[in-house]
Number of protein chains: 6
Amino acid sequence: MSATVKLDFIKVTKPRPLVAHVQLARFWKEYVAVFDNMRAWYGDVRAVVLSSSLPKVFCAGIDFEDLLDLKNSPSSDPARTAVALRRHVLSFQAAISSPERCPVPVIAAIHGVAYGLAVDIIAGCDIRYAASDTTFSIKEVDVGLAPDIGTLARLRHISSNASLGAELAYTARTFSAEEAFRLGVVSRVVEGGMDEVVRESLALAEEVARKSPIAVTGTKHLLMHARDHSVGENLEYTATWNAAMLQTEDILKAVRAARSKGREEVSFE
Amino acid sequence: MSATVKLDFIKVTKPRPLVAHVQLARFWKEYVAVFDNMRAWYGDVRAVVLSSSLPKVFCAGIDFEDLLDLKNSPSSDPARTAVALRRHVLSFQAAISSPERCPVPVIAAIHGVAYGLAVDIIAGCDIRYAASDTTFSIKEVDVGLAPDIGTLARLRHISSNASLGAELAYTARTFSAEEAFRLGVVSRVVEGGMDEVVRESLALAEEVARKSPIAVTGTKHLLMHARDHSVGENLEYTATWNAAMLQTEDILKAVRAARSKGREEVSFE
Amino acid sequence: MSATVKLDFIKVTKPRPLVAHVQLARFWKEYVAVFDNMRAWYGDVRAVVLSSSLPKVFCAGIDFEDLLDLKNSPSSDPARTAVALRRHVLSFQAAISSPERCPVPVIAAIHGVAYGLAVDIIAGCDIRYAASDTTFSIKEVDVGLAPDIGTLARLRHISSNASLGAELAYTARTFSAEEAFRLGVVSRVVEGGMDEVVRESLALAEEVARKSPIAVTGTKHLLMHARDHSVGENLEYTATWNAAMLQTEDILKAVRAARSKGREEVSFE
Amino acid sequence: MSATVKLDFIKVTKPRPLVAHVQLARFWKEYVAVFDNMRAWYGDVRAVVLSSSLPKVFCAGIDFEDLLDLKNSPSSDPARTAVALRRHVLSFQAAISSPERCPVPVIAAIHGVAYGLAVDIIAGCDIRYAASDTTFSIKEVDVGLAPDIGTLARLRHISSNASLGAELAYTARTFSAEEAFRLGVVSRVVEGGMDEVVRESLALAEEVARKSPIAVTGTKHLLMHARDHSVGENLEYTATWNAAMLQTEDILKAVRAARSKGREEVSFE
Amino acid sequence: MSATVKLDFIKVTKPRPLVAHVQLARFWKEYVAVFDNMRAWYGDVRAVVLSSSLPKVFCAGIDFEDLLDLKNSPSSDPARTAVALRRHVLSFQAAISSPERCPVPVIAAIHGVAYGLAVDIIAGCDIRYAASDTTFSIKEVDVGLAPDIGTLARLRHISSNASLGAELAYTARTFSAEEAFRLGVVSRVVEGGMDEVVRESLALAEEVARKSPIAVTGTKHLLMHARDHSVGENLEYTATWNAAMLQTEDILKAVRAARSKGREEVSFE
Amino acid sequence: MSATVKLDFIKVTKPRPLVAHVQLARFWKEYVAVFDNMRAWYGDVRAVVLSSSLPKVFCAGIDFEDLLDLKNSPSSDPARTAVALRRHVLSFQAAISSPERCPVPVIAAIHGVAYGLAVDIIAGCDIRYAASDTTFSIKEVDVGLAPDIGTLARLRHISSNASLGAELAYTARTFSAEEAFRLGVVSRVVEGGMDEVVRESLALAEEVARKSPIAVTGTKHLLMHARDHSVGENLEYTATWNAAMLQTEDILKAVRAARSKGREEVSFE
């Protein structure tokens with residue numbers, strides 16, 4: 001039951017039925033491909049856990065060499081350089097946003113060092129659990145740039161204190177899992193490190209994976225839409241979405257299961 | 001001073017001057033009518049408290065029979081069925097959003113079981129107080145659907161931890177009044193049950209009811225507008241709104257009262 | 001190193017390199033000018049602290065006389081009066097929003113009485129620190145009007161409990177620094193009063209001022225943009241912004257400094 | 001086959017299968033009810049023609065008495081008067097917009113005098129045919145107000161020369177059917193008067209009525225959506241809409257008919 | 001009755017009551033000041049005509065020296081140069097958009113050479129009349145840049161053929177007054193040159209100036225708002241705007257004048 | 001100088017320097033790839049002409065078999081079918097929108113039969129030329145569906161008479177090149193058929209290809225942005241875009257060429 005696909009610096013397994021576990025080592029070009037092909041490559045996946053495979057580091061931020069490569073412009077014309085850099089940033093953003101395009105929930109299981117790029121990555125996931133040993137930092141200003149591949153775009157959506165969020169982005173100071181929880185960035189602090197937070201994340205993923213996939217994917221799709229639209233716009237969109245989705249047979253199955261109060265097992269295909 | 005109007009499953013009284021108390025029993029078609037006709041039917045109302053009248057249950061969610069009725073489509077054509085379902089969802093949404101259209105603040109006094117539809121309902125109110133005996137659940141995924149009549153549309157506005165909000169929507173797990181408070185869903189946890197939370201809600205309603213109605217209705221209108229627009233858009237709209245509202249005589253009255261530091265009573269018509 | 005410019009009721013000093021300290025006494029027409037000309041008038045400023053200079057009062061709200069002046073309309077025609085009032089509100093809003101237009105972070109150091117207009121002012125700043133002796137109130141409904149120059153427009157962005165925010169706006173009740181922190185309005189409560197909160201704010205400002213100004217101004221600009229746009233819109237805008245900004249020499253300097261792990265000092269021009 | 005329902009100043013008949021003909025006499029409170037209940041009251045309607053029943057006048061504009069009634073304010077307080085006027089304008093707008101909410105295309109058959117309110121009315125229809133005897137005027141500035149119930153909101157969508165549109169709105173000068181056609185306001189000028197334009201409009205309505213109602217209602221719904229959204233927003237919405245609508249049996253029927261090249265008759269239920 | 005104010009390269013006269021005539025010679029820094037202070041500096045102005053004062057040239061485009069000045073960057077750092085250039089473009093845009101902020105209609109009377117900057121200028125006016133001797137060109141691509149101060153932003157609003165508009169912007173080819181009229185850019189072609197088009201524009205301005213200023217300014221304000229918002233947004237905004245404006249005494253005056261059918265003169269203050 | 005790449009049903013040549021000619025035969029899966037890889041696959045391309053290679057047919061619409069395939073759903077559950085159909089529509093839309101993502105202008109050279117899908121295709125191009133032998137039809141309602149892959153989304157942007165556009169979409173009636181020109185859909189009618197329209201389109205493409213590529217790509221990018229945003233939004237975005245682009249060396253070259261009045265040749269790399 002545990003298929004494993006190894007790409008260069010990324011490993012995907014299915015440790016539980018319907019759940020995929022994506023593990024990163026260093027940074028990795030295959031990230032976008034893994035998420036954009038989740039169902040095609042890994043079969044019937046209903047929830048995903050994203051973690052690191054390095055015991056002390058979730059992600060330490062962008063590599064300095066990669067950053068300095070940006071300075072090796074293909075052109076001496078600042079306009080042509082800008083066109084190339086813009087394309088580069090857009091494609092990097094598209095990779096980091098790929099968990100949002102994935103039709104099932106993605107849970108980030110965070111631990112250890114989570115600096116710079118790490119915050120961009122987890123901001124693009126649906127749910128964030130942090131081990132108590134996690135140290136966060138919105139590191140980008142310390143290397144002379146604004147966090148441009150997801151952190152600033154999503155910060156107001158994944159935190160609850162705009163003043164504190166701004167302070168963290170302007171100073172790059174570190175903050176703990178506990179402070180991240182109070183700030184609304186993570187929904188749970190798991191005592192321990194990588195192993196503990198992965199275990200709890202997989203348990204959550206398994207719980208989600210047992211629900212109706214039509215209900216879960218609709219919930220994700222409509223939460224994303226609601227984030228970026230007014231209430232009125234979202235309500236109309238939701239009605240159009242559910243015009244098809246309410247025709248699902250899953251409702252009959254789910255109601256029957258709910259009425260049985262746990263005596264009957266239900267499984268959704 | 002206490003007019004009572006009884007509709008099928010809904011009771012509206014005016015237990016205090018200028019305050020209406022709407023009590024639900026089971027689900028109820030008259031909800032939208034009560035809120036859309038608040039001033040026409042119940043006279044000079046300045047604030048509303050919405051509660052249940054069942055000692056143990058605020059609202060246990062949509063009735064299974066109603067849900068299964070959705071499957072009895074008027075047509076075998078999925079497109080025609082979709083047209084009908086879309087209309088149904090839109091009209092259900094319009095009912096649940098009616099407290100927002102009501103020109104005065106609506107305070108939800110929540111207690112006991114508050115599952116599924118209950119969360120849609122309270123998300124459409126201005127203020128939420130919960131009794132300490134409340135148990136919440138965003139129940140919809142457990143019956144095979146995405147919460148489509150208000151919860152997902154408003155969740156980001158009435159909670160402060162996107163990760164936790166998503167987790168609650170994907171798992172349908174229950175959460176307490178205390179957790180709801182930490183999550184920013186309710187602004188106060190009242191020790192006790194239905195009676196206690198209603199009493200505190202009525203006290204709050206009475207306080208609001210004594211303020212200038214021009215100031216209060218403007219505050220509600222502009223808060224709603226701000227929720228769905230950018231800061232710049234809202235500021236321009238606000239200037240246009242207040243171009244008329246600053247001409248009110250209430251300002252003179254209110255300033256006189258404020259200067260008297262409580263010695264002079266002021267009342268607004 | 002400490003330049004001082006005194007305007008009528010406002011004083012600007014540079015108590016530390018690259019940091020400006022703006023102090024208010026009473027309300028003051030020069031506010032907008034100070035912020036819109038920050039760099040032109042005060043030289044190389046990288047961060048600003050805004051405080052009061054009155055020991056017990058940050059700002060006690062709009063003057064009653066100013067408010068009553070609104071009633072002395074230049075015309076007996078309500079439409080012509082509305083045109084004039086609308087212009088007045090827009091220009092007042094533009095003043096209160098000027099810290100947002102200022103290209104460097106503005107830290108509000110709040111203490112004592114912070115009523116009505118005070119909340120509009122701090123809502124327009126990037127970061128908010130409060131002394132533990134602060135008492136807040138969204139006072140406007142008590143003088144018969146809706147808070148129309150910034151508080152309602154920004155409330156959902158600078159607080160984390162919509163129900164509590166609405167309650168505070170409808171009732172005008174006071175709340176402490178501690179409650180403001182729990183509500184997400186301020187990012188830190190500093191034990192003490194004016195002196196203590198100003199000292200901590202200046203320390204924070206100095207820390208920010210040492211970072212790359214291209215990185216800091218970009219972070220501010222993109223945070224503002226993200227607040228008012230969808231994630232997708234902001235990501236595209238960010239790519240266009242950074243197409244030029246990633247060409248900065250500051251990245252080389254900053255990377256060198258980061259690699260030196262504190263042994264090498266870096267300074268940005 | 002020709003059911004007739006007479007309301008006060010409005011007459012609805014079904015002169016052809018699936019086509020309703022709405023005729024106005026004077027202005028009329030029932031307008032919104034007729035369109036909002038088109039299918040419930042008049043059965044299987046697939047297209048609507050809206051015309052006047054007065055030989056020389058389509059609509060001569062708002063009645064002066066109705067306009068002056070606006071001045072009989074229920075309150076001497078300008079703010080309370082504004083609240084009441086705002087509600088009045090919103091409800092008038094909602095009536096004039098009711099053809100847009102009607103799920104089938106509405107064709108305005110215009111002739112004779114078409115002043116002020118007439119332009120608001122036809123701007124809310126899907127298709128506009130004008131008799132060659134029509135005289136148009138955006139009359140409102142001549143009675144001291146801006147056209148606030150639909151003309152200004154839709155002018156940019158139903159005309160192709162912003163400069164000319166502005167000129168017509170600022171001067172209230174009359175313009176002919178021919179100029180309206182060149183301006184893009186009407187799609188056809190029918191030689192003659194009321195009878196001729198109604199005849200051609202009914203012929204067009206009948207043609208539309210024979211098409212698949214799922215295709216036609218979808219086209220209307222998506223055209224409305226496209227008018228008010230960006231291309232990207234509309235494409236995503238369209239995909240969600242058609243996820244259900246492409247499941248219709250009408251496609252099979254329509255393809256069969258199309259392949260028969262007119263030899264086979266097809267009819268849609 | 002003909003006040004004249006001469007600024008460096010701009011002349012403002014009042015050749016008719018309530019009408020201001022702004023004449024340009026070369027390009028001119030005072031443009032924004034003239035429009036932003038129209039009422040304060042020139043008294044009761046109800047409509048404005050903007051023309052050139054050079055017999056053969058409306059505006060021949062940006063000066064090459066000004067353009068090359070852009071290359072004399074204050075900094076060798078491309079990021080700092082970008083910050084400065086961005087500020088420069090924003091302030092140039094704000095000048096060109098000043099006729100839109102002016103509360104009364106501005107009529108562009110165009111003749112002769114109208115290249116590059118000329119199109120940005122006229123796109124920011126409410127109404128465009130062109131002499132038959134006018135030659136237009138969206139000239140910018142010929143000097144290596146995209147038209148960034150108004151032409152591209154407004155092109156879709158002031159033309160009716162997106163394909164032709166794009167063609168003109170990509171090729172910089174010239175087009176005549178007649179083609180501009182067919183394209184919907186101008187609302188009238190006046191036979192002749194500068195004198196003829198100014199005469200007709202002044203006649204139009206005088207006609208507009210006799211209407212109720214509340215009605216005219218509202219019409220302009222709402223047309224601008226409608227251009228940038230959806231129909232639904234604009235209708236709600238309009239209702240809020242007119243809540244105050246319908247209280248004007250001008251309606252009584254205007255209705256009386258309308259009823260007199262021209263026998264009674266009406267004048268608005 | 002004339003590279004040719006043949007894909008299954010699509011042929012790309014470079015008949016002139018810097019110009020690519022894309023020719024379609026039947027419908028073709030490679031469309032999206034050709035446009036998304038234009039520069040990578042075909043080298044330095046500055047403008048593209050898109051035409052058919054069939055002498056009588058530009059595109060006759062979607063194949064009936066492809067359409068009926070939609071009915072062979074992978075699932076009997078209408079919700080799962082909807083999820084699959086939605087994905088299908090989105091990917092079809094993304095293909096048809098690929099000319100918009102291509103960084104250089106795409107000119108549609110249209111002739112003969114241009115039905116259904118043909119209109120979706122040309123609506124996604126920047127410029128449209130039609131041979132005088134062209135017959136257009138928005139054919140979709142005749143096969144039971146709403147045109148969902150681009151026509152409805154872009155119709156208001158590429159036509160100037162909303163009433164006529166709606167009529168054409170509701171009736172599927174054919175219209176000529178001449179009517180398409182009057183409707184603003186095409187910018188030029190070329191006497192003749194495929195050969196003539198292709199020749200004129202290539203000449204236009206060559207003219208565009210000689211301009212500064214920074215100016216042309218910026219013009220396209222900003223026109224697209226302006227189409228989907230308000231004037232204010234677009235102006236700010238434009239300033240940010242041009243902050244980098246105004247640093248180009250092309251301006252110096254272009255100004256020198258412009259000053260030489262054609263005596264000096266300029267070429268841009």
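Residue numbers start from 1 in every chain, and the chains themselves are labelled A, B, ... in the order their sequence lines are given, proteins ahead of strands.
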- Query: Stepwise, does the side-chain contact (heavy atoms from CB on, under 4.5 Å) test hold for D/E140 with E/T219?
  - Reply: CA-CA 9 Å; D/E140 279 87 343; E/T219 298; over 6 Å; no
- Task: Could you check E/L246 against D/D148 for side-chain contact (heavy atoms from CB on, under 4.5 Å), going step by step and ending with a plain yes or no?
- Result: CA-CA 10 Å; E/L246 292 175; D/D148 61 351; 4.1 Å; yes
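Contact of D/S97 with chain E is made through the side chain alone, with heavy-atom distances under 4.5 Å. Proximity to chain E (any heavy atom under 4.5 Å) is shown, for D/H229, by neither the backbone nor the side chain. At a 4.5 Å heavy-atom cutoff, the contact between E/E207 and chain D is made by side-chain atoms alone. With a 4.5 angstrom heavy-atom cutoff, D/L152 touches chain E via backbone and side-chain atoms both. Only the side chain of E/R156 comes within contact range of chain D, judged by heavy atoms closer than 4.5 Å. Neither the backbone nor the side chain of E/K253 has a heavy atom closer than 4.5 Å to any heavy atom of chain D. For E/E236, the parts lying near chain D are the backbone and the side chain together; criterion is any non-hydrogen pair under 4.5 Å. When heavy atoms are compared at a cutoff of 4.5 Å, E/Y129 approaches chain D solely by way of its side chain, counted from C-beta outward. Heavy atoms closer than 4.5 Å to chain D are found in the backbone of E/V185, but not in its side chain. In this structure, the portions of E/V231 lying under 4.5 Å from any heavy atom of chain D include both its backbone and its side chain.
Residues E/A243 and D/A82 come closest through the heavy atom pair CB-O, 3.3 Å. The two atoms that bring E/A239 and D/R86 nearest to each other are O-CG, 3.7 Å, heavy atoms only.
Salt bridge absent: D/E167 and E/R128 never bring a charged side-chain N and a carboxylate O closer than 4.0 Å. Salt-bridge check for E/R259 with D/E65: passed, with a basic side-chain N closer than 4.0 Å to an acidic carboxylate O.
Looking at E/K211, its side chain does come within 3.5 Å of a backbone N or O of D/T171 through a donor-acceptor pair.
In this structure, the side chains of E/L204 and D/Y170 stay at 4.5 Å or more apart for every pair of heavy atoms. E/S212 has its side chain out of reach of D/V141: every pair of non-hydrogen atoms, C-beta onward, lies at least 4.5 Å apart.
Between chain D and the options E/D126, E/N161, E/V216, the largest number of non-hydrogen pairs under 4.5 Å is found for E/D126. When the candidates E/H221, E/K220, E/E233, E/R188 are compared by the number of heavy-atom contacts under 4.5 Å with chain D, E/K220 comes out ahead. Of the listed residues (E/V186, E/I158, E/I214), the greatest number of heavy-atom pairs within a distance under 4.5 Å of chain D belongs to E/V186. Comparing D/L145, D/L67, D/I149, D/V89 by heavy-atom pairs within less than 4.5 Å of chain E, the highest count is held by D/L145. Of the listed residues (D/A172, D/A146, D/S163, D/A166), the one with the most heavy-atom contacts under 4.5 Å to chain E is D/S163. For chain D, the option among E/L235, E/V208, E/T238 with the highest count of heavy-atom pairs below 4.5 Å is E/L235. Top candidate by heavy-atom pairs under 4.5 Å with chain E, chosen from D/K139, D/R182, D/R154, is D/R154.
For the atom pair E/S187 OG and D/L164 CG, the distance stands at 5.5 Å (nearest 0.5 Å).
No side-chain donor from either of E/S160 and D/S160 sits under 3.5 Å from a side-chain acceptor of the other.
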